[in-house]
Amino acid sequence: MKQNDKRPVAVQLRELVSHFNALLPHDLSLATSARLPELANQLRTDIVAVATEAITNAAKYSGATHIDLDLQVEGDTLRLVIVDDGIGIGIGSQRPTDAQGGNGLRNMARRAERNGGTCSVFDGPTRGTVVQWVVPFTNQPAPAIHLDAQ
């Protein structure tokens with residue numbers, strides 16, 4: 001993951017999913033809104049970092065065979081949901097900052113909070129774990145436009 005990757009977040013997430021699909025025996029899928037807004041560098045970096053952490057956690061701890069990433073825009077809100085079919089996290093529903101786990105869950109929560117959003121981690125309805133990372137995007141600074149002098 002590059003800190004200042006200027007590519008659209010959907011492109012970065014597709015690359016991330018391809019990378020993990022090549023390395024892991026898990027089936028990863030990605031769904032995104034047809035039109036994602038242009039996002040600030042820090043927000044793009046945070047989205048990719050959260051997706052990476054959630055995939056890594058599912059691969060290492062859950063026994064999942066399938067992991068779904070869904071990045072959607074709903075009004076002025078961006079929602080990243082990562083769902084696996086593993087054993088679940090066993091914590092009910094709570095904010096990651098309250099979790100007994102390692103720093104990864106807390107880091108996902110901190111990334112949401114710094115963007116004015118929230119992060120929740122909970123057991124899925126039948127099994128597995130759901131990570132829901134929700135942030136507003138309307139208050140993101142417009143990207144700088146660089147014109148090359150020719």
Side-chain angles (χ1 to χ4, degrees), residues 1-5 7-21 23-141 143:
M1 171 180 62
K2 300 174 191 170
Q3 181 66 23
N4 290 316
D5 196 332
R7 296 175 301 156
V9 71
V11 171
Q12 293 180 55
L13 289 176
R14 277 193 294 274
E15 185 176 281
L16 179 71
V17 167
S18 292
H19 173 77
F20 274 106
N21 272 329
L23 294 176
L24 300 171
H26 302 74
D27 178 27
L28 275 73
S29 68
L30 171 66
T32 61
S33 292
R35 295 185 56 134
L36 291 172
E38 199 160 328
L39 304 172
N41 288 343
Q42 185 63 59
L43 182 55
R44 284 194 314 268
T45 298
D46 287 343
I47 291 167
V48 174
V50 167
T52 302
E53 181 67 33
I55 293 168
T56 302
N57 286 347
K60 286 171 69 173
Y61 305 118
S62 78
T65 59
H66 192 84
I67 305 166
D68 290 320
L69 280 75
D70 187 12
L71 180 64
Q72 300 295 325
V73 172
E74 301 166 355
D76 63 352
T77 302
L78 187 136
R79 180 179 309 273
L80 175 63
V81 179
I82 303 102
V83 180
D84 70 58
D85 66 351
I87 61 171
I89 196 160
I91 59 173
S93 178
Q94 67 184 50
R95 292 168 25 117
T97 51
D98 302 330
Q100 298 294 324
N103 286 327
L105 294 177
R106 286 187 281 279
N107 287 341
M108 289 191 297
R110 285 186 194 109
R111 289 177 184 277
E113 289 166 2
R114 104 166 131 213
N115 287 287
T118 61
C119 181
S120 300
V121 179
F122 48 93
D123 288 324
T126 57
R127 64 177 293 180
T129 301
V130 177
V131 174
Q132 187 168 285
W133 197 82
V134 182
V135 296
F137 67 83
T138 54
N139 63 355
Q140 298 299 318

inquiry  = Applying side chain to side chain donor-acceptor pair (under 3.5 Å), can you list everything that pairs with Asp46, at least two apart in sequence or on another chain?
reply    = Gln42, Arg111, Arg114, Asn115

ask   = Does Leu43 reach the side chain of Val9, with side-chain heavy atoms less than 4.5 Å apart?
value = no

request  = Heavy atoms only: give me the nearest Ala54-Val131 pair and the separation to one decimal.
outcome  = CB-CG2, 4.3 Å

query = Does a side chain donor of either Asp68 or His66 reach within less than 3.5 Å of an acceptor in the other side chain?
reply = yes

ask   = With no hydrogens and no angle check, is any side-chain donor or acceptor of Thr77 less than 3.5 Å from a backbone partner on Pro136?
value = no

request  = Give, for atom OG of Ser62 and atom CG of Asp84, the distance between the pair rounded to the nearest 0.5 Å.
outcome  = 4.0 Å

ask   = Which distance, rounded to the nearest 0.5 Å, do you find between the SG of Cys119 and the CG of Leu80?
value = 9.0 Å

inquiry  = Under the side chain to side chain contact (heavy atoms under 4.5 Å, CB included) test against Val135, which residue among Val50, Leu39, Leu78 passes?
reply    = Leu78

note = d(Asn21 CG, Asp27 CG) to nearest 0.5 Å is 6.5 Å

inquiry  = Going by side chain to side chain donor-acceptor pair (under 3.5 Å), name the residues that satisfy it together with Arg79, two or more places apart in sequence or in a different chain.
reply    = Glu74

task = For Leu16 and Gln12, run side-chain contact (heavy atoms from CB on, under 4.5 Å): C-alpha distance rounded to whole Å, both residues' side-chain angles, the deciding distance at 0.1 Å, then the answer.
result = CA-CA 6 Å; Leu16 179 71; Gln12 293 180 55; over 6 Å; no

query = How would you list, by chain and number, every residue that makes a side-chain contact (heavy atoms from CB on, under 4.5 Å) with Pro8, sequence neighbours excluded?
reply = Val11

message = If you apply the rule side-chain hydrogen bond (donor to acceptor under 3.5 Å, both in side chains), what do you find for Asp85 with Thr65, and how did you get there?
response = CA-CA 6 Å; Asp85 66 351; Thr65 59; 2.8 Å; yes

key: Shortest non-hydrogen contact between Met108 and Trp133, atoms and distance   = O-NE1, 3.0 Å

Side chains of Thr32 and Leu36 in contact at under 4.5 Å (non-hydrogen atoms) = yes

Derivation and outcome, side-chain contact (heavy atoms from CB on, under 4.5 Å), residues Asp123 and Val130 = CA-CA 6 Å; Asp123 288 324; Val130 177; over 6 Å; no

